[in-house]
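Please read the structure below before turning to the comments.
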Amino acid sequence: MNVYAIFADHVRAAVAELDAVPAGLDLSRIVVEPPRDAAHGDLATNAAMVLAKEAGLKPRDLAGLIAARLEGVPEVARVEVAGPGFINIALSPGYWVRVLEAALRSGPDFGRSTFGAGTPVNVEYVSANPTGPMHVGHCRGAVFGDAMASLLTFAGFPVTREYYINDAGAQVDVLARSAFLRYREALGETIGAIPDGLYPGDYLVPVGTELARIHGRALLGLAEAEWLPIVRAEAISAMMAMIREDLSALGIAFDVFFSERSLTEGDDRVARAIAQLRESGEVYQGRLAPPKGAPIEDWEDREQTLFRSTDFGDDVDRPLVKSDGSYTYFAGDIAYHKDKFDRGFRRMIDVWGADHGGYVKRMQAAVKAVSGGTATLDVELCQLVRLTRNGEPVRMSKRAGSFVTLREVVDEVGRDAVRFMMLFRKNDAPLDFDLAKVIEQSRENPVFYVQYAHARAHSILRNAAEAFADLPSDRAAFADAALARLNDAGETSLMMRLAGWPRLIEQAATAREPHRIAFFLYDLASEFHAQWNRGKDLPHLRFIMENDRELTMARLALVHGVAAVVASGLSLLGVEAVEEMK
RNA sequence: GUCCCGGUAGCUCAGCAGGAUAGAGCACAGGUUUCCUAAACCUGGGGUCAGGGGUUCGAAUCCCUUCCGGGACACCA
């Protein structure tokens with residue numbers, strides 16, 4: 001039940017009935033929103049100002065006409081024209097109560113939407129190289145992608161969560177050589193310091209042991225070309241197992257793990273993608289000018305296979321084949337995105353680190369080319385995370401070589417704190433993450449503050465159950481309480497905020513901004529805590545009124561409503577809604 | 001040199017697909033409370049929304065431009 005969407009429909013209907021307004025105007029710019037100032041009523045719309053010019057009327061005159069129509073809507077108590085042509089609507093007393101009632105009946109589904117109209121969306125995120133454990137840098141994209149996938153699902157888009165395994169490039173060969181060294185070590189050889197250019201982390205030690213267990217000394221006698229594929233496959237599979245564990249510590253699971261290597265095994269789908277583009281004239285043999293700026297040492301002017309990404313807004317055309325004849329990473333990525341398209345996806349979202357920003361245009365170009373313009377790719381970039389402890393930068397890890405692992409952070413502060421804080425900032429703004437502050441139990445810590453609101457709600461319910469015998473235990477039963485008795489300003493304000501939840505979901509989904517959920521929950525928590533605090537000075541505002549069962553029931557309904565939305569929001573963020581603080 | 005992302009209160013940041021007097025937390029100032037339902041609460045000061053142009057009835061929001069910060073710039077992934 002999205003009140004704002006419902007009234008936007010009322011407004012559009014009212015406009016359509018007006019003789020003074022020509023038919024066929026674009027009504028999509030009409031917005032119904034909560035006014036900033038409560039004195040302006042419950043709802044406000046810009047309809048008259050948006051349409052005035054095309055209707056050939058003064059905004060205030062048109063507003064008057066629309067307002068007159070809106071007065072006929074049953075739930076409307078009063079309509080006023082204000083300012084430059086705003087239409088302010090006051091709803092009949094008790095309207096917000098009905099929203100609460102709806103929230104109580106839908107429970108966790110309150111706010112769930114058909115907004116996405118069943119359009120399938122592919123969300124690709126993390127896609128970390130399978131060359132070691134996940135580090136904190138991966139963490140933000142992982143949490144962001146996961147929360148966005150949940151958000152889009154809730155908003156009515158069937159989502160496929162996907163991870164692209166970069167198991168085909170030179171880096172996994174390096175991984176294999178590094179693992180081979182550990183294999184020799186496992187067989188008793190002294191390997192000394194790990195040479196530069198190989199992965200030094202001791203997470204490869206078990207891989208060496210496992211190789212020794214499976215193969216004994218058999219690999220030692222082989223040439224690198226022979227052992228490398230064997231070792232590589234084993235190492236990649238071990239790394240992916242580790243990464244899945246790291247992800248699961250964060251509460252993240254994927255529907256699809258897609259192997260880059262699989263694109264060229266057997267049927268060469270990269271070749272097919274290139275051939276298709278060549279056919280449509282988007283691939284040609286040509287030369288590139290060396291980039292301006294920092295000169296490149298070993299620049300080699302040569303004719304190469306290029307994708308005409310400039311046709312789709314990119315700055316230069318992009319190579320598909322390296323000088324050694326193998327495919328570029330980009331070529332594989334084109335084939336991969338073509339595969340998504342072939343699987344039926346017309347809406348794709350990729351979540352990348354900000355350092356890949358320069359890659360966005362060419363990938364979008366590729367998706368357009370490969371889909372004949374019928375598919376879109378949105379790329380969401382996540383900025384860096386600055387990890388600190390009490391303000392001091394944190395670096396270096398005991399075991400991983402050179403970085404702080406995701407696992408270390410999750411183990412130290414917990415999944416909930418990591419996830420919430422990663423989402424308590426816009427994705428394209430840098431983020432400070434302080435290991436000490438996020439576990440503080442204080443008002444200043446938003447994780448605690450929001451979880452505490454949920455815990456407090458449940459505490460109130462527990463206390464109420466002690467004060468009154470035979471209270472219903474299920475939320476929906478409270479929809480039948482005497483909700484009309486919720487007439488305190490703070491209570492009404494909370495109900496209005498709950499009514500904003502379905503609207504927020506659609507907005508956040510449209511903007512691809514799950515952080516808005518976190519901020520919404522923070523504001524809701526804040527208002528709930530404030531209402532609780534009012535009961536200290538003003539005992540007649542307490543949620544539990546021992547001498548008035550009916551009023552208590554009504555207020556508990558509100559508590560249930562708040563708890564339901566907080567729980568629902570937290571679950572989209574992947575944060576646990578605890579019923580008790582420890 | 002080109003491209004991308006940022007610049008909002010002293011600090012950290014929101015700002016809802018252009019809307020009415022720009023918000024929150026911290027910090028600061030003042031006050032209340034030591035009670036209880038669960039870790040105190042209330043009030044207040046504070047802003048050239050980086051600068052300048054433009055579009056619009058209306059701009060922090062859209063466009064252009066300048067400045068500042070970060071990132072990326074064949075054949076790495």
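In what follows, chains are A, B, ... by sequence order, proteins preceding strands, each numbered from 1. Note: hydrogens, waters and symmetry copies are ignored here, and every other heavy atom, side chains too, is used.
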Evaluate A:D339 against A:R269 for salt bridge (Lys or Arg N to Asp or Glu O under 4.0 Å), listing each step before the verdict. CA-CA 9 Å; A:D339 186 86; A:R269 284 181 280 169; 2.8 Å; yes

Indicate the ring-plane relationship of [X] and [Y], choosing parallel, tilted or perpendicular according to the 30° and 60° boundaries.
{"X": "A:Y164", "Y": "A:Y336", "result": "parallel"}
{"X": "A:F257", "Y": "A:Y163", "result": "tilted"}
{"X": "A:Y329", "Y": "A:Y359", "result": "tilted"}

Given protein heavy atoms under 4.0 Å, the one-letter contact record of nucleotides 35-44 of chain B, with B base, S sugar-phosphate only and - none, is simply --BBBSS---

Can you tell me if the side-chain N/O atoms of A:K53 get under 4.0 Å from OP1 or OP2 in B:rC57? yes

Which nucleotide in the list B:rA77, B:rC16, B:rC4 gets nearest to the side chain of A:R516? B:rC16

I want to verify a distance call: between B:rU21, B:rC13, B:rC75, whose nearest atom is closest to the A:D37 side chain? B:rU21

Looking at A:H356 and B:rA77, is any side-chain donor or acceptor paired with a base atom of the opposite kind under 3.5 Å? yes

Distance in Å, A:N427 CG paired with A:F144 CZ, rounded so as to fall on 0.5 Å steps: 3.5 Å

When the P atoms of B:rG30 and B:rC16 are considered, how many whole Å apart are they? 36 Å

Any salt bridge (charged side-chain N to carboxylate O under 4.0 Å, His left out) pairs touching residues 512-531 of chain A, not counting sequence neighbours? A:D378-A:R512, A:R497-A:E527, A:E513-A:R516

